Structures are given as structure tokens and as C-alpha cells.
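This structure is a prediction, so every number in the text was calculated from the model and none was measured. Atoms within each ligand, like the ligands themselves, are counted from 1 in listed order.
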Amino acid sequence: VAPDSLAERVLAGDLRALSRAASLLEYDRESGRELLSDLFARTGRAITIGITGPPGAGKSTLVNALTRTLRAGGKTVAVLAVDPSSAFSRGAILGDRIRMQEHYADPGVFIRSMATRGQLGGLASATLDLALLLDAAGWDIVLIETVGVGQDEIDIAGLADVTVVALVPGQGDDIQAIKAGVMEVADVFAINKADLPGVERLEQEIRFVQSLSDKNRSASPAPIRRVIATEGQGIDELLSAALAIFEKKGRAGDRTGIWTARIRERLRERLLSAAPDSAILEQSIRVARREIDPFAAVENLIRLVLKEKGEQS
Ligand SMILES: Nc1nc2c(ncn2[C@@H]2O[C@H](COP(=O)(O)OP(=O)(O)OP(=O)(O)O)[C@@H](O)[C@H]2O)c(=O)[nH]1
Ligand SMILES: [Mg+2]
């Protein structure tokens, strides 16, 4: 890491440098990537906890309550609120601001919202990169709030070390929500709004779906905790359950899959950006003239790309 560089200032705990670095990652992906290359060796210490679940499940309220508990325990907390569906509505951001108000003045809390702005490489990998940045910067815990849907190669709901899935009783479509892919990523279930009726039924439904899944027949099923996020009730137990899972998985967890996905995505991006549009156009014209087939065109482009770039170690 070069002296006085942005990377060094991030490592020294400079919050303005951290914000700048986060913006680089989000908006200037190439410079952001260089920065991450510099910082990668310093990552691997933070615990990332994903909070996912359907809209309105109380994820932000949970994040706020978890932040309070973690701060009381002396941990520093970085919060990433990620919306993969659309740009954040002003209302949502404002609501989260109000909810997190008690933490804004706390230098031990870093809060950042991200929405889809059509950046290359997808929101999930941008989130992963940002989590790496925060890890390198020395934040103890990174909380990632997201509605668990996305078409990216990296499942945004599954990129954390531990994933908490928040569900709410009495929604009627519980089973539907449970089935929609969350079983694979859930390490812990939080039945939030446990002050509302239907808690027992939702818990039974989660257990039922767990009993059907192969993953859970072999391993122990994800624990279920009842919480009332607005009251801070059950938060300690939820956090303990999440941290116990983290301990059990071990620090490395089985994160190979995430790196495979991240490498694939980057490879695709690099190949596409290394093949200039003019070259693709040239090949397209040849295909249109039936001089070559489209697959041969791709082989030609790959040869072109390989010729231009030597190998990096
Ligand atoms: N009764 C009750 N309401 C709650 C509880 N937790 C959160 N809420 C309320 O549920 C509403 C939604 O909470 P949020 O924390 O914004 O939910 P969210 O999942 O972050 O919502 P999106 O980010 O918009 O998907 C708010 O009005 C909260 O006050 C709870 O434990 N009990
Ligand atoms: Mg929210």
C-alpha cells in the first residue's frame, strides 16, 4: 500500500477517505477495483451479517436494534442498505434515516445506502466489494440489509458470512415467501413482529418447509428466533444465534462459491470490455455476409483479446 494513498488513509481509519473509497467502488468501478486489489490482503477479519426478507418485514428496524446491541458490546458496525429491485424511493431512505438517527452521530457506526444505478458488474458484486472495503478498514461487523431477490450471478442474499431471514406472521402467503429461495440462504430465521398474531403458525410453517429440504435433513436446521424489533425484544438471542452459526461455519465458511461467482462475473466483464465494439461490429458484418458463423466470430474475438493482454500473476 503506497504511503498517503487513498488505500492507506482507509486503513488508518480516515472516515472521509472511506466514504470516498465507497463512492469509487460504486461509481468508478475500475479505480475502485485497483483500490480493492491494494486492500484485499487486509480483509478477512470482519463478520458480515445479511438481513434479508420481504418488503416491510422490519429489516431496517432489526438492523437498528442489532446495531444498538453490537455497539453496547463495543463492536464497530457498518451498515449497507441495498435495494436490488429499483432505485431507493426517497421515502424509504428518509424512513431509514429516521430509524438510524440515534446512530448517525456515532463514529463507531458507518451507514451507506446503495441502489441499482445500472453499474457494470451488478449490485451484488458491488455490495461484496463494499463489504470487503469495510472489512479492510477495520469495521468489526458489517450488516447488509437487502430484499432477497436478484438475478445477479452472486445471490445478494447469500453473500454475507451469516444470513438472517426476517419473516412476519399473519401474512397469509408465508409458505410462498419461505419457498422463494430463502431456504438455501437462511442461516437463522427471525420471526419479526412477534407482537402480532400468527407467530406459532409461521414457526410451524418454517419447520415444515425445513423438513422437506434435503439440506436441512442432513445438517441441523436453521434456528428460529422470535423478535419484536421495534421494542428491541429478542435481539440478543437473535444475535447470539447468528454469531454461533458464524463460529460453527468457521471464518472461511464455505465461501468458495462466492469467489467463483465473483471471478466469473469479472471475467465476463473483462472479456466484454477487452473486445472493442469496433471489433465486434467487424465480426458481426462478416457473420451477416455469411463469411463466418457466429461461433467462429467469438473465437476470433477471444484470440484478439488474448493477444492484447499478457498474463498477470
Ligand atoms: N408491530 C411491529 N411492527 C414492527 C416491528 N418491527 C418493525 N415494525 C414496523 O414495520 C414497518 C416496516 O419496518 P422496516 O424496518 O422499514 O421494514 P423493512 O423490511 O426495512 O422495509 P423495506 O426496507 O421497505 O423492505 C415499520 O412501520 C416498523 O415500525 C415489530 O417488531 N412489531
Ligand atoms: Mg428497510
S.K.: Mind checking whether E145 contacts ligand 1 via backbone (N, CA, C, O), side chain (CB onward), both or neither, at a 4.0 Å heavy-atom cut-off?
M.R.: side chain
S.K.: To the nearest 0.5 Å, tell me how far R71 CZ sits from L66 CG.
M.R.: 14.0 Å
S.K.: Let me confirm one number: the CD1-CG distance from I49 to D161, rounded to the nearest 0.5 Å.
M.R.: 8.5 Å
S.K.: Look at atom 14 (P) of ligand 1 and find which of G234, G58, A57 reaches it with the closest heavy atom.
M.R.: G58
S.K.: Check the orientation of F40 and W259. Use parallel for under 30°, tilted for 30 to 60°, and perpendicular for over 60°.
M.R.: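 F40 vs W259 ring planes: perpendicular.
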S.K.: Any N/O/S atom, side chain or main chain, of T61 closer to the Mg ion (ligand 2) than 2.8 Å?
M.R.: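 Within the cut-off used here (under 2.8 Å), T61 places no N, O or S atom near the Mg ion (ligand 2).
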S.K.: Taking only Lys NZ, Arg NE, NH1 and NH2, and the carboxylate oxygens of Asp or Glu, determine whether E30 and R33 approach each other closer than 4.0 Å.
M.R.: yes
S.K.: Any idea which of S60, P169, A190 brings a heavy atom closest to atom 20 (O) of ligand 1?
M.R.: S60
S.K.: What is the name of the N/O/S atom in E145 that sits closest to the Mg ion (ligand 2)?
M.R.: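 Within E145, restricted to N, O or S, the Mg ion (ligand 2) is closest to atom OE2.
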S.K.: What salt bridge (charged side-chain N to carboxylate O under 4.0 Å, His left out) pairs are there with at least one residue in residues 6-21, not counting sequence neighbours?
M.R.: none
S.K.: Would you kindly specify which portion of L62 sits under 4.0 Å from ligand 1, judged on non-hydrogen atoms: side chain, backbone, both or neither?
M.R.: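 No part of L62 is near ligand 1 at this cut-off.
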S.K.: Between ligand 1 and G56, is the shortest N or O to N or O distance under 3.5 Å?
M.R.: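 By distance alone, the answer is yes.
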S.K.: What are the two closest non-hydrogen atoms of P223 and A241, and how far apart are they?
M.R.: CG-CB, 4.4 Å
S.K.: Identify, by atom number and element, the atoms of ligand 1 in contact range of I228, meaning under 4.0 Å from any of its heavy atoms.
M.R.: 31 (O)
S.K.: Under a 4.0 angstrom heavy-atom cut-off, which atoms of ligand 1 come close to P55?
M.R.: 25 (O)
S.K.: Checking V164 against I51 for the side-chain contact (heavy atoms from CB on, under 4.5 Å) test, could you report, in this order, the C-alpha distance in whole Å, the side-chain angles of both residues, the deciding distance, and whether it holds?
M.R.: CA-CA 5 Å; V164 174; I51 314 292; 4.1 Å; yes
